[in-house]
Amino acid sequence: MSKDDGESSADINITVKFSGRSIPISIPKDSTIKQLKSHLQPLTNVLPRGQKLIFKGKLLVDAMTLKESEVMNGAKLMLMASQGLHQGGGPILKEAQTRPISRGKETEYKRHDARTEIVMEKDRLQRWKTTGVIALADFLDVNNNSIQDVPNKISCLNSIQKLFLDGNGILDEAIQWEGLASLKYLTVLSFTRNQLMNLPSALGSLTSLRQLHVANNKLTNLPNEIGMLTRLEVLKANNNRITTVPACIGECSSLIEVDLSANLLSELPDTLGNLHNLKTLHLSNNGLKSLPCTLFKHCLQLATLDLHNTETTMDVLRQFEGWEEFDERRRSKHQKQLDFRVVSSAQFDEGADKN
């Protein structure tokens, strides 16, 4: 290797200022501005097309290299983010002090999760209103409390079918999964708006589960044992920090609705095409540049697809086998044209399928 080659590939150290943070970056000086933006994506949660990098008062151009842009070792750049063009729960901002959930916000939270609530039978609801007693025979709702522990003794509720523990700030170590996993009749489990970072392998023991709600936590992955939930119909894991989806998701053959929006996904497993009953798929606010090539070909009931604020382009989708048939189903269901908002030459957000 020549001296010139060695110099061209040498790394330089720069600092990117973003929302009160200083982000140190080590990158080859012959990298393009576009490559730098891709490097910044997981560090800021801002999609590359939502990033504006400014150096010495000038907006840097994607196609130019750092060297051509006169960005040298020790340089300081400023990053500005376009509103809405982010993955995961939003841009990673300077950490703020956490505050306890105010009771005054309870109505707001309930409204936010309105789509995920399970409608109870009218006669049961009326009976609860009349007697003032919630029957624990098959239903337990302790949402929006301060539950500190889910003990092994929960296994005593051996006939329970629906368990709601939303909005309690529950941590991983607070759950005794041995007891929870023994609830063999459990069909609905909801841990929305807590502080969970992992779901254990014991989750796979809940083989009667039909709905799993784990949105608005801090999950970084889904366990491989999720593939054992062959009766699962609804999976809501949006607004987490999930970076990968296990291939065994394809074994959840009963899935009808999947929401993985607002995570940190850059790709999805090909086995997603095995979900032949899938009707609704939400993937907005992720760094996805493509979809499994079998999705439209094999998921013949899929009619709602939300790709709002992703890197997936219309040109890519049109190449997939089964795209035209999906497009026809989509149009038939929503009775309106696709609402593609063109951001640049071949980028789009599909917002028409969000409802």
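These numbers come from a predicted model, not from an experiment.
To the nearest 0.5 Å, atoms CD1 (Ile249) and OG1 (Thr244) are separated by 11.5 Å. Rounded to the nearest 0.5 angstrom, Leu291 CG and Leu272 CG are separated by 8.5 Å. Atom-to-atom distance recorded for Met72:CE and Lys67:NZ is 7.0 Å, nearest 0.5 angstrom. The distance from the CG atom of Asp141 to the CG atom of Leu165 is 8.5 Å, given to the nearest 0.5 Å. Interatomic distance, OG of Ser284 versus CG of Asn263, reported as 9.5 Å (0.5 Å rounding). Here the CG atom belonging to Leu60 is positioned 5.0 Å from the OG atom belonging to Ser69, to the nearest 0.5 angstrom.
Of all heavy-atom pairs between Leu265 and Asn286, the closest is N-OD1, 3.0 Å. The minimum heavy-atom distance between Leu203 and Leu189, with the atom names listed, is CD1-CD2, 4.4 Å. Across all their heavy atoms, Ile147 and Ile170 have their closest contact at O-CG1, 3.7 Å. Minimum heavy-atom separation, Gln41 to Gln51: N-NE2, 3.9 Å. Nearest heavy-atom pair across Ile226 and Pro246 is CG2-CG, 4.2 Å. Here the shortest heavy-atom pairing between Asn194 and Gly169 reads OD1-N, 2.9 Å.
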**Q.** Audit row: Ile25, Leu43, side chain to side chain contact (heavy atoms under 4.5 Å, CB included) steps and yes/no
**A.** CA-CA 10 Å; Ile25 301 288; Leu43 301 175; 3.6 Å; yes
Q: Applying salt bridge (charged side-chain N to carboxylate O under 4.0 Å, His left out), run through Lys29 and Asp11 and close with a yes or a no.
A: CA-CA 6 Å; Lys29 64 182 179 182; Asp11 286 358; over 6 Å; no
Q. When you look at Ser22 and Lys17, which way does the side-chain hydrogen bond (donor to acceptor under 3.5 Å, both in side chains) test go after all the steps?
A. CA-CA 5 Å; Ser22 293; Lys17 299 282 189 177; 2.8 Å; yes
Q: Could you give me the CA-CA distance, side-chain angles and deciding distance for Asn277 and Gln301, then say whether side chain to side chain contact (heavy atoms under 4.5 Å, CB included) is met?
A: CA-CA 6 Å; Asn277 293 307; Gln301 296 192 56; 3.5 Å; yes
(Q) Using side chain to side chain contact (heavy atoms under 4.5 Å, CB included), reason through Ile23 and Thr44 one step at a time and then give a plain yes or no. (A) CA-CA 9 Å; Ile23 305 172; Thr44 62; 3.6 Å; yes
Q) Going through the checks in order, is the side-chain hydrogen bond (donor to acceptor under 3.5 Å, both in side chains) test met by Asp259 and Ser261? A) CA-CA 6 Å; Asp259 190 344; Ser261 57; 2.6 Å; yes
Q: Verify side chain to side chain contact (heavy atoms under 4.5 Å, CB included) between Leu66 and Ile33, making sure each step is shown before the conclusion.
A: CA-CA 6 Å; Leu66 294 171; Ile33 301 302; 3.7 Å; yes
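Within the 4.5 Å cutoff, no side-chain heavy atoms of Met314 are placed close to those of Val316. Residues Leu163 and Leu157 have side chains not in contact (no heavy-atom distance under 4.5 Å, counting atoms from C-beta outward). You'll find the side chain of Leu219 reaches within 4.5 Å of the side chain of Leu196, heavy atoms only. In this structure the side chain of Phe18 reaches within 4.5 angstrom of the side chain of Val46, judged on heavy atoms. For the pair Arg330 and Thr304, the minimum side-chain heavy-atom distance is 4.5 Å or more. The closest side-chain heavy-atom distance from Leu222 to Ile242 is below 4.5 Å. Using a 4.5 Å cut-off on side-chain heavy atoms (C-beta onward), Ile160 and Leu186 make contact. Between Leu295 and Leu302 the shortest side-chain heavy-atom distance falls below 4.5 Å.
Hydrophobic clustering keeps Leu275 apart from Met228 (ILVMFWY residues linked when any side-chain heavy atoms are closer than 4.5 Å, directly or through intermediates). Leu199 and Val245 end up in the same hydrophobic cluster when Ile, Leu, Val, Met, Phe, Trp and Tyr side chains are linked at under 4.5 Å. Cluster annotation: Leu278 is not connected to Ile256 through the hydrophobic network of ILVMFWY side chains, with a link wherever side-chain heavy atoms come within less than 4.5 Å. Linking ILVMFWY side-chain heavy atoms closer than 4.5 Å, directly or via other members, places Leu206 and Val234 in two distinct hydrophobic clusters. Cluster annotation: Phe320 is connected to Leu307 through the hydrophobic network of ILVMFWY side chains, with a link wherever side-chain heavy atoms come within less than 4.5 Å.
Inspection of the Gln211 and His213 side chains reveals an N or O donor paired with an N or O acceptor under 3.5 Å. In the model, Ser190 has a side-chain atom that pairs as donor or acceptor with a side-chain atom of Asp166 under 3.5 Å. Counted by atom type alone, Asn309 and Asn285 present one or more donor-acceptor pairs between their side chains at under 3.5 Å. A side-chain N or O of Arg193 and one of Asn144 form a donor-acceptor pair less than 3.5 Å apart.
Between Glu257 and Lys279 there is no salt bridge, since no side-chain N of the basic residue sits under 4.0 Å from a carboxylate O of the acidic one. At a threshold of 4.0 Å, the pair Lys162-Asp138 does not count as salt-bridged, since none of the basic side-chain nitrogens sits closer than that to a carboxylate oxygen.
Remark: Arg329 CZ is packed, more than 12 non-hydrogen atoms of other residues, nucleotides or ligands lying under 6.0 Å away. For Glu233, the CD atom is densely surrounded, since the number of other residues' heavy atoms within 6.0 Å is greater than 12. Summarising the local packing, CE of Met80 is surrounded by 12 or fewer heavy atoms from other residues, nucleotides or ligands at distances under 6.0 Å.
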Distance-only check: which donor-acceptor pairs under 3.5 Å involve side-chain atoms of residues 171-185, not counting sequence neighbours?
| from | atom 1 | to | atom 2 | distance (Å) |
| --- | --- | --- | --- | --- |
| Asp172 | OD1 | Met197 | N | 3.0 |
| Asp172 | OD2 | Met197 | N | 3.3 |
| Asp172 | OD2 | Asn198 | N | 3.3 |
| Ser182 | OG | Gly179 | O | 2.6 |

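Using modelled atom types, one side-chain atom of Ser254 and one backbone atom of Thr230 make a donor-acceptor pair closer than 3.5 Å. Although no hydrogens or angles enter the test, the distance criterion places no donor-acceptor pair under 3.5 Å between the side chain of Ser266 and the main chain of Gly287. A donor-acceptor pair under 3.5 Å is formed between the side chain of Asn217 and the backbone N or O of Phe191. No donor-acceptor pair under 3.5 Å is formed between the side chain of Asn239 and the backbone N or O of Ala215. Formation of a donor-acceptor pair under 3.5 Å by the Asn168 side chain with backbone atoms of Asn145 is found in this model. Ser201 places no side-chain N or O within 3.5 Å of a backbone atom of Glu225 that could act as its donor or acceptor partner.
Classified by interplanar angle (parallel below 30°, tilted 30° to 60°, perpendicular above 60°), the ring pair Phe164/Phe139 is tilted.
Checked against the 6.0 Å centroid threshold, Phe326 and Trp323 count as a close aromatic pair.
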